[in-house]
There are 4 protein chains.
Amino acid sequence: MTSPATRRQGSTTQPVPQRLLAAATRLFADRGYDRTSVQEIVEAAGVTKGALYHYFGSKDDLLHEIYGRVLRLQQERLDAFAEADAPVEQRLRDAAADVVVTTIENLDDASIFFRSMHQLSEEKQKQVRAERRRYHERFRALIEEGQKAGVFSTATPADLVVDYHFGSVHHLSTWYRPGGRLTPQQVADHLADLLLRALRP
Amino acid sequence: MTSPATRRQGSTTQPVPQRLLAAATRLFADRGYDRTSVQEIVEAAGVTKGALYHYFGSKDDLLHEIYGRVLRLQQERLDAFAEADAPVEQRLRDAAADVVVTTIENLDDASIFFRSMHQLSEEKQKQVRAERRRYHERFRALIEEGQKAGVFSTATPADLVVDYHFGSVHHLSTWYRPGGRLTPQQVADHLADLLLRALRP
Amino acid sequence: MTSPATRRQGSTTQPVPQRLLAAATRLFADRGYDRTSVQEIVEAAGVTKGALYHYFGSKDDLLHEIYGRVLRLQQERLDAFAEADAPVEQRLRDAAADVVVTTIENLDDASIFFRSMHQLSEEKQKQVRAERRRYHERFRALIEEGQKAGVFSTATPADLVVDYHFGSVHHLSTWYRPGGRLTPQQVADHLADLLLRALRP
Amino acid sequence: MTSPATRRQGSTTQPVPQRLLAAATRLFADRGYDRTSVQEIVEAAGVTKGALYHYFGSKDDLLHEIYGRVLRLQQERLDAFAEADAPVEQRLRDAAADVVVTTIENLDDASIFFRSMHQLSEEKQKQVRAERRRYHERFRALIEEGQKAGVFSTATPADLVVDYHFGSVHHLSTWYRPGGRLTPQQVADHLADLLLRALRP
DNA sequence: AATGAATGAGACTTCATTCAT
DNA sequence: TATGAATGAAGTCTCATTCAT
């Protein structure tokens, strides 16, 4: 009884909202939020406009949902690594490498995340920035912990170190291509290594 | 005798194309390329739409011009530092710090540069990527030179090191605010220092 | 309960696409394709621009639709006359007269048809020319049949005879005015007669 | 001292107004009056916009000039043939063939003539129609002379016969291609022959 | 006799969203 | 839960024409 249209993507198995989110993610990453029309999203998801507006209040809601998904995932993982039972150097290295791997594995999310903040409504932006700050602070705390313990250099303010590392994470979607010379794990190890080497006292 | 319209921005002294470019830069950085209308640009520049299209073939041409300006400037500066008569550590440190200062001094250009590539026509993107690559390679050569000379660690491929540093430059427009705790030069020194420390053998 | 806008033209009974096509036909014939704005069309049809673009991909699509309508009609009628069970002179005369009557009855279509080919996209022009050729060839075949049978003169190549007759059909929209001295049928009979007389051996 | 721009077309020898008219004729025939921009005309003529507006009051003036040129030429030639010292059949045949040859030799003029009437201002259209009528009447008079003399059939009103023939002339620009199977003179002879055969009593 | 920068109106088209069904 | 026709505002761009030089 399913219409042929709903069968695209071989994803009739997935519920409609997920299908919409997946289609939107791919398209937003590909051509940018403003260049993606609602029509294109619903076509890619194999549904109609009415369905989209049934589940999401607006196009901008879709974007917000994507932001939420990324933020939740990254925060959870960081929390896990930060709370682990290991020396601070190890915990920082693991967290730093993990965010790289996770970012590469969701490169579309990353492209969107760093490029589309402005398209969110002012209110939603505020919310995202707040969660982002929480994440940033947890990461910074890790560095400060090491600095206080004397295992990390205090030459550079911890804040700046966080931004230094996250700059490289942000940049991944610009240059990393799946199937490239290095595996995600190798890239992650290298970048975490650079961070730790820079922090040597 | 000058009409009121030409007086906006008190910039009647500057020629029209420059005025348009300045207005476009500010607006593109503020609200993004797609969210800026041609109407807004010409109003900010105090001219009419016809005048804009007299000098620029399209909105996209304005963006391309901005890219060209940034690329020319950065390449010139990098070339100068790379060719200087000094040890390679010094030349790399100077170049790495300079690109940070220059980026902060033209933060609008930077916001646009890293966020708006996709809005360029495919052809213009190709051109920009080619010039970008030239820049990247020059920077990488500096690192490789130090690695061969044994003053830089070879633990990380030079390519990746370049991307690590430029990630942080890229990221500046996300977090740096003029009038912040650190001066541009201080930020630059810190970031260059992090790079050099990470490269210690 | 119908809004005032939908009532213009007293044509709320007709579906929107037909109303648009009718309005476009009248206007294109009146003032030419390029001189007719999309705004004028939707106003004449009593709908909004959005509605037009919901049904037609472009202004050029409207024109293409008009061409399609004319071509289908004329081809059908020619086929019917050509396949009739009658001597070839009779079949040619009937077909030649019929195209005149049909053209006069749809004079707007005819004005457009012969004047607006160039405004179609290259691709659509190709398509129209192909269908036009099919029509031309069917008509020519009728003449050649008569020439082989010895009832028509072979002094003039059949191709040229077809163009001779269709020139006069083409020309109708230039000079024929409804309510003129001659009825459509009379004009048709005269023109078909001229053709047949010119073909006498 | 002539700038490189004015040298295009190798036509620096011709005066500017003629060059503009020639360029306009070619372009109007190629892509239609409305689709041709003033910019394109001046570029093709190797002059600037100021020069065009120095010689012609408007774009529509250029078109009017083209109409005038065609009308003058055709009227002169028809007058010459009509007044010749020869039997009426011969005079009609010569005139009918001549207009075909002349039309083919100026096919661009013909395309424009039959397709662009509507782009003239109402006033200029009236003027053109008046001259056109004079031409038509002179041609019709020739046919009526033959009908009165009993050498042409009176089965068809002379008016309609004129339109029949001019339809075929009008149509030439649709199908005739230089370098085709038949020379202009051969086409002319065939079409004149068809006319005369149709008029056989 | 000629330039070319500038105007300003209007062209086609896109698009997020709504609403009766 | 879902449709898809329809809206209406806004978007980019074109162009004939003018005018100071």
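Every chain is numbered from 1 and lettered A, B, ... according to where its sequence line falls, protein lines coming before strand lines.
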Identify every side-chain donor-acceptor pair in residues 61-70 of chain A under 3.5 Å, counting partners at least two apart or on other chains, and give the distances.
| residue | atom | partner | partner atom | Å |
| --- | --- | --- | --- | --- |
| D61(A) | OD1 | K124(A) | NZ | 2.9 |
| D61(A) | OD2 | G57(A) | N | 3.3 |
| Y67(A) | OH | I112(A) | O | 3.3 |
| Y67(A) | OH | F113(A) | O | 2.7 |
| Y67(A) | OH | M117(A) | N | 2.9 |
| R69(A) | NH2 | T25(A) | OG1 | 3.1 |
| R69(A) | NH2 | D109(A) | OD1 | 2.7 |

**Message:** Against the six-membered ring of Y53(B), is K59(B) placed for a cation-pi contact (under 6.0 Å from the centre, within 45° of the normal)?
**Reply:**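 Cation-pi check for K59(B) and Y53(B): fails.
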
Gap between atoms [atom1] and [atom2], on [X] and [N] respectively (whole Å):
{"X": "Q119(A)", "N": "dC15(E)", "atom1": "CD", "atom2": "P", "answer": "15 Å"}
{"X": "L62(B)", "N": "dT12(F)", "atom1": "CG", "atom2": "P", "answer": "11 Å"}
{"X": "F56(A)", "N": "dT18(E)", "atom1": "CZ", "atom2": "C1'", "answer": "18 Å"}
{"X": "Q18(C)", "N": "dA5(F)", "atom1": "CD", "atom2": "C1'", "answer": "15 Å"}
{"X": "Y55(B)", "N": "dC13(F)", "atom1": "OH", "atom2": "C1'", "answer": "18 Å"}
{"X": "K49(D)", "N": "dA6(E)", "atom1": "NZ", "atom2": "P", "answer": "13 Å"}
{"X": "L52(D)", "N": "dA1(E)", "atom1": "CG", "atom2": "P", "answer": "15 Å"}
{"X": "E43(A)", "N": "dC15(E)", "atom1": "CD", "atom2": "C1'", "answer": "13 Å"}

Ignoring backbone atoms, test whether [X] places a side-chain nitrogen or oxygen under 4.0 Å from the OP1 or OP2 oxygen of [N].
{"X": "H54(D)", "N": "dA1(E)", "answer": "yes"}
{"X": "Y53(A)", "N": "dT17(E)", "answer": "yes"}
{"X": "K59(B)", "N": "dT12(F)", "answer": "yes"}

**Message:** I need the residues from residues 34-41 of chain A with at least one non-hydrogen atom less than 4.0 Å from DNA chain E; give them sorted by number, or say none.
**Reply:**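 Heavy-atom cutoff 4.0 Å gives T36(A), S37(A), V38(A).
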
**Request:** Return the stems involving DNA chain E, sorted by first number, where pairs are Watson-Crick (N1-N3 with N6-O4 or O6-N4) or G-U wobble (N1-O2 and O6-N3), both under 3.5 Å, and runs are 3 or more long.
**Result:**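 Paired runs of 3+ in DNA chain E: E:2-21 with F:2-21.
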
**Item:** Between E123(C) and Q127(C): side-chain donor-acceptor atoms closer than 3.5 Å
**Value:**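 No, no side-chain donor-acceptor pair sits under 3.5 Å.
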
**Asked** Between A51(C) and D60(D), which has a closest nucleotide on DNA chain F that is more 5'?
**Response**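 The residue closer to the strand's 5' end, by nearest nucleotide, is A51(C).
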
**Request:** Please test Q119(D) against D34(D) for side-chain contact (heavy atoms from CB on, under 4.5 Å), starting from the C-alpha separation and ending with a verdict.
**Result:** CA-CA 8 Å; Q119(D) 337 292 12; D34(D) 282 313; 3.3 Å; yes

**Prompt:** Hey, which of K49(B), R26(B), R35(B), R31(B) is the one that makes salt bridge (Lys or Arg N to Asp or Glu O under 4.0 Å) with E40(B)?
**Reply:**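 Going through the options one by one, the only one that passes is R31(B).
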
